[in-house]
Colleague: 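Below is a structure I'd like to ask you about.
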Amino acid sequence: MSDIEIKLVRSRVEEILARYKHLIDKDFPGYRNHVYRAITYAMHFLDNEPEYEALIETIFAYHDVGLWTDHKLAYLEPSEAVALADNEKYDWGFDPQLLRNAIHWHHKITPYSGKNEAVIEACRKADWVDICYD
């Protein structure tokens, strides 16, 4: 496994989060920091393979955003919907099912198995690592 690579600025993340900063409001610094840490862990689990970076940044920028867009604790589906809408609007070309599943399963306690397992597992483990040690 590769060394942990920490990036303090990620332009894709900054661009995405800027669209929702007014909604996230006072929680913005904490959410932004969580997003950055989770990306760092997920990329580490994926051996820092550059092919995953834009996808992982996008997944984590959106993974909890439904808390603020829909003001509900049941925020996974709203987070998925915002990510999918922006994926289409900005023509990013990410696999919609992969975006949906990575967001949907990021709180899963047991390992995920199935299509895109490596990415979804990296995201699931990264979120748990950050939440458990935050």
Colleague: Please give me the minimum heavy-atom distance between C123 and A102, naming the atom from each residue.
Modeller: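 Closest heavy-atom pair between C123 and A102: SG-CB, 4.5 Å.
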Colleague: Do P111 and K125 come close enough that some side-chain heavy atom pair is under 4.5 Å?
Modeller: no
Colleague: Just by modelled atom types, is the Y62 backbone N or O under 3.5 Å from a matching donor or acceptor in the Y20 side chain?
Modeller: no
Colleague: So which heavy atom on W105 is nearest to which on I120, and how close?
Modeller: CB-CG2, 4.1 Å
Colleague: For M43 and E57: C-alpha separation, side-chain torsions, deciding distance, then whether side chain to side chain contact (heavy atoms under 4.5 Å, CB included) applies.
Modeller: CA-CA 9 Å; M43 288 302 297; E57 289 175 344; over 6 Å; no
Colleague: Could you grab the distance from atom CG of L84 to atom CD of E77, nearest 0.5 Å is fine?
Modeller: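 Between L84 CG and E77 CD, I get 11.5 Å after rounding to 0.5 Å.
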Colleague: Show me the pairs that pass salt bridge (charged side-chain N to carboxylate O under 4.0 Å, His left out) and involve residues 108-120, at least two apart or across chains.
Modeller: none
Colleague: Would you please name every residue forming a ring pair (Phe, Tyr, Trp, His ring centres under 6.0 Å) with H106, sequence neighbours left out?
Modeller: H63
Colleague: Which residues pass the ring pair (Phe, Tyr, Trp, His ring centres under 6.0 Å) test with Y90, sequence neighbours left out?
Modeller: W92
Colleague: Between E80 and H104, is there a side-chain heavy-atom distance shorter than 4.5 Å?
Modeller: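 Yes, side chains in contact.
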Colleague: Identify the heavy atoms of A61 and I16 that sit nearest to each other, and give their distance.
Modeller: CB-CG2, 3.6 Å
Colleague: So does A38 get a backbone contact from the side chain of D127, meaning a donor-acceptor N/O pair under 3.5 Å?
Modeller: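 It does not hold such a pair.
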Colleague: Using a 4.5 Å cut-off on heavy atoms from C-beta on, say whether the side chain of D95 contacts that of N116.
Modeller: yes
Colleague: Does NZ or CZ of R37 come closer than 6.0 Å to the centre of the six-membered ring of Y41, within 45° of the ring's axis?
Modeller: no
Colleague: If the condition is side-chain contact (heavy atoms from CB on, under 4.5 Å), which residues does L55 pass it with, not counting sequence neighbours?
Modeller: I59, F94, L98, L99, V119
Colleague: I'd like to check F45 versus E121 (side-chain heavy atoms, cut-off strictly below 4.5 Å). Are they in contact?
Modeller: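 Result no, sub-4.5 Å side-chain heavy-atom pair not found.
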Colleague: To check you understand the geometry: which heavy-atom pair defines the closest contact between Y75 and G66, and what is its length?
Modeller: CB-C, 3.5 Å
Colleague: Which residue pairs satisfy the salt bridge (charged side-chain N to carboxylate O under 4.0 Å, His left out) criterion with at least one member in residues 83-94, sequence neighbours excluded?
Modeller: none
Colleague: Are the side chain of N87 and the backbone of A83 linked by a donor-acceptor contact shorter than 3.5 Å?
Modeller: no
Colleague: Applying side-chain contact (heavy atoms from CB on, under 4.5 Å), can you list everything that pairs with E49, at least two apart in sequence or on another chain?
Modeller: D47, E51, Y52
Colleague: Measure the spacing between CG of L23 and CG of D25 and express it to the nearest 0.5 Å.
Modeller: 9.0 Å
Colleague: Determine the minimum heavy-atom distance between I103 and L76, stating which atoms define it.
Modeller: O-CD2, 3.7 Å
Colleague: How long is the straight-line distance from CG of L67 back to NZ of K72, given to the nearest 0.5 Å?
Modeller: 12.0 Å
Colleague: Less than 4.0 angstrom from a charged side-chain N to a carboxylate O is my criterion; do R12 and E15 meet it?
Modeller: no
Colleague: Are E53 and K7 ion-paired here, with the side-chain N under 4.0 Å from a carboxylate O?
Modeller: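 K7 and E53: salt-bridged.
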Colleague: Quick one: sort the H107 and W128 rings into parallel, tilted or perpendicular, breaks at 30° and 60°.
Modeller: perpendicular
Colleague: Please give me the minimum heavy-atom distance between A42 and I56, naming the atom from each residue.
Modeller: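 Result for this residue pair: CB-CG2, 3.8 Å.
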Colleague: Determine yes or no for a side-chain-to-main-chain donor-acceptor pair under 3.5 angstrom, with Y31 supplying the side chain and D64 the backbone.
Modeller: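 Present.
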